[in-house]
Participant: 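Pasting in a structure now, in structure tokens, and then I'll have a few things to ask.
In this text, all values refer to a predicted model and were calculated from it rather than measured experimentally. All values below come from the heavy atoms of this structure, side chains included, with hydrogens, waters and symmetry mates left out. Convention: sequence-line order gives letters A, B, ...; per-chain numbering from 1.
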Amino acid sequence: MALEFRGVSKSFDTRDGGSLLAVNDVSFRVEEGEFVSVVGPSGCGKSTILSMTAGLYQPSEGEVLVSNQPVTGPNAHVGFMLQKDLLLPWRSIVHNIEFGLESRGVGRQERRARAMKELAHCHLAGFEDHFPYQLSGGMRQRAALARTLAIDPEIILLDEPFSALDAQTKLLLQNSFAGTIKDAGKTTLLITHDLAEAVLMSDRILVLSERPGTIIAEIKVDLPHRDQPIKRRQMPEVADYATQLFKHLKLEEKAA
Amino acid sequence: MVRTHATKFTSAGILALVLLAWQYLPTALDVPRFIIPTLSDSMIELKRMWMQESLLGHILSTALYTILGFVIGSLLGAVMGYLLGMSQFWEKVLSPYILALQIAPKVAFAPLFIMWFGYNSMPKLLVTVLIVFFPVLVNVLQAMRTVDRDLVNLARAYNLTRLGIFWKVEMPSTLPNLMAGLRIASTLAVIGVTVGELVGGNTGLGYLISYGGGQANAAMVFNAIILLTVIGFVLYVVLERIEERVLHYLPKAQH
Ligand SMILES: Nc1ncnc2c1ncn2[C@@H]1O[C@H](COP(=O)(O)OP(=O)(O)OP(=O)(O)O)[C@@H](O)[C@H]1O
Ligand SMILES: [Mg+2]
């Protein structure tokens, strides 16, 4: 299922009665099965873009379309995952994974079957009866991915899902996420601060400006092994892409 | 709470010291018995109270109203807290009044309740309900305000209804605060009942305090105070046990 933004702007009301333009005239399209990353400075509206895709808020102007239908509210086609795993601490892992299925009229047995399948998929078999506090950060993120996949969304939205992890866990998790997402053929939008991560995982990268965020560059990553970031990482071209992103974000000027 | 042998041992040691001091210090310092009765005086009086003043009846009555007042008050407080927590409008409208009532000394209402309802169990029950109500309400309301917005958004993204979000996300998120509120409330419940019994009526340990005071029977007052403390303590410990069960999913501090 494709995802499209058409001339989307979003402003928030501020406490003093004014308004703050967070996202300005953003247009892009993510094709079915494509993996697109969004990078940009902190506060430029990346998470806002994600929330609008998930239907949590409406754009102030323009339209967000999922398979050519305007998004008017939360919908069953979209699953999202944040930096925080958002597991419910009072539920066991398997119950957490079932959470998204409960309001969709899926029967108890089928729920359990699907949850167990995703659990195994995300390498968490044997941990179904554990509680979130008993799992490591990386395992919790995998549980969150299993919960996202369990509802079988056509579009997956990821908001810095790896940024709280240590370098090794991150790499392993990126690899397993990339494989899982590619196999399932999901359309994916990844928001990240990590330029290398964007290069390793995406088909295409959108660069946003400072707030109000608008698209200032679009980079096509012409490298193989999208499903195996660990392999892609060894390619010399990766550094060139990262340098390009670096330039677009004017990081050198800012550091000076 | 992790209790090691060392803490248990020291705790018991302190208790023994206090009891010893209670038994021997007053006589050593020449304090008359009617001012500070010794441990053995109090025990003798306790036996007399049991035989002649139908102590058991008073204990049961106080325990009953403590529990009744606690249950009704915390139920009302929790329900009100959740309702206000779901409606920002009403919370804003009512919060100054809640604050005012929270500050007002609730026990001071006791004489009013006696004027309105007479010398029966209604006034002490009402004082207890009133005093228990606020800490539960305030704790629940505070917790409802600070429920993780991202969790609520996740639930919305999963198409949960407003009620579904309440039962599956908000209510469980607020449980730790609710339990903390209940613990505070349990200690206050005893105070509510005691004041109610002190100012009116002829049953309960609070009544025995005013009765014993009137007769200059310090041992009786001592005993009543100790028994009231025990009732409050038992309630608190029961709640603590329930809390441990309910909140089993919270990581325990490692020692
Ligand atoms: N619900 C909201 N109400 C008011 N302002 C908001 C709201 N959500 C976001 N904003 C504002 O919009 C701007 C963009 O926020 P957003 O969270 O989208 O940034 P971001 O690009 O995700 O930043 P970061 O990289 O730090 O996560 C910020 O200035 C933020 O203060
Ligand atoms: Mg963000």
Participant: Any donor-acceptor pair under 3.5 Å linking the side chain of B:Arg156 with the backbone of A:Leu56?
Facilitator: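 Between the backbone of A:Leu56 and the side chain of B:Arg156 there is a qualifying donor-acceptor contact (under 3.5 Å).
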Participant: Is B:Ser173 in contact with chain A via its backbone, its side chain, both, or neither, using a 4.5 Å heavy-atom distance?
Facilitator: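 It is both, since atoms from each part get that close.
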Participant: Flag yes if more than 12 heavy atoms outside A:Tyr133 fall under 6.0 Å of its OH atom; otherwise flag no.
Facilitator: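 Yes, enclosed.
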Participant: Going from CG on B:Asp148 to CG on A:Leu86, what distance comes out if it is rounded to the nearest 0.5 angstrom?
Facilitator: 6.0 Å
Participant: So, for B:Val169 and A:Phe99, which heavy atoms are closest and what is the spacing to 0.1 Å?
Facilitator: CG2-CZ, 4.0 Å
Participant: Tell me if the CD atom of A:Glu61 is crowded by more than 12 foreign heavy atoms within 6.0 Å.
Facilitator: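 Result for CD/A:Glu61: open.
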Participant: Do B:Leu154 and A:Arg147 come close enough that some side-chain heavy atom pair is under 4.5 Å?
Facilitator: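 Yes - at least one pair of side-chain heavy atoms lies under 4.5 Å apart.
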Participant: Could you report the tightest heavy-atom contact between A:Pro74 and B:Ala157, atom names first, then the distance?
Facilitator: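 Scanning both residues, the minimum pair turns out to be CB-CA, 3.7 Å.
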Participant: Checking A:Leu82 against chain B: side chain, backbone, both or neither under 4.5 Å from a heavy atom?
Facilitator: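 A:Leu82 touches chain B through side-chain heavy atoms alone.
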Participant: Restricting to non-hydrogen atoms, name the atom on A:Ala76 and the atom on B:Asn159 that form the minimum distance, rounded to 0.1 Å.
Facilitator: N-ND2, 4.1 Å
Participant: Distance check, rounded to the nearest 0.5 Å: A:Arg91 atom CZ versus B:Tyr249 atom OH?
Facilitator: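 These two atoms lie 12.0 Å from each other.
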Participant: Within a reach of under 6.0 Å around CZ of B:Arg162, are more than 12 heavy atoms found that belong to other residues, nucleotides or ligands?
Facilitator: yes
Participant: With a 4.5 Å cut-off on side-chain heavy atoms, are B:Lys168 and A:Trp90 touching?
Facilitator: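 They are not in side-chain contact.
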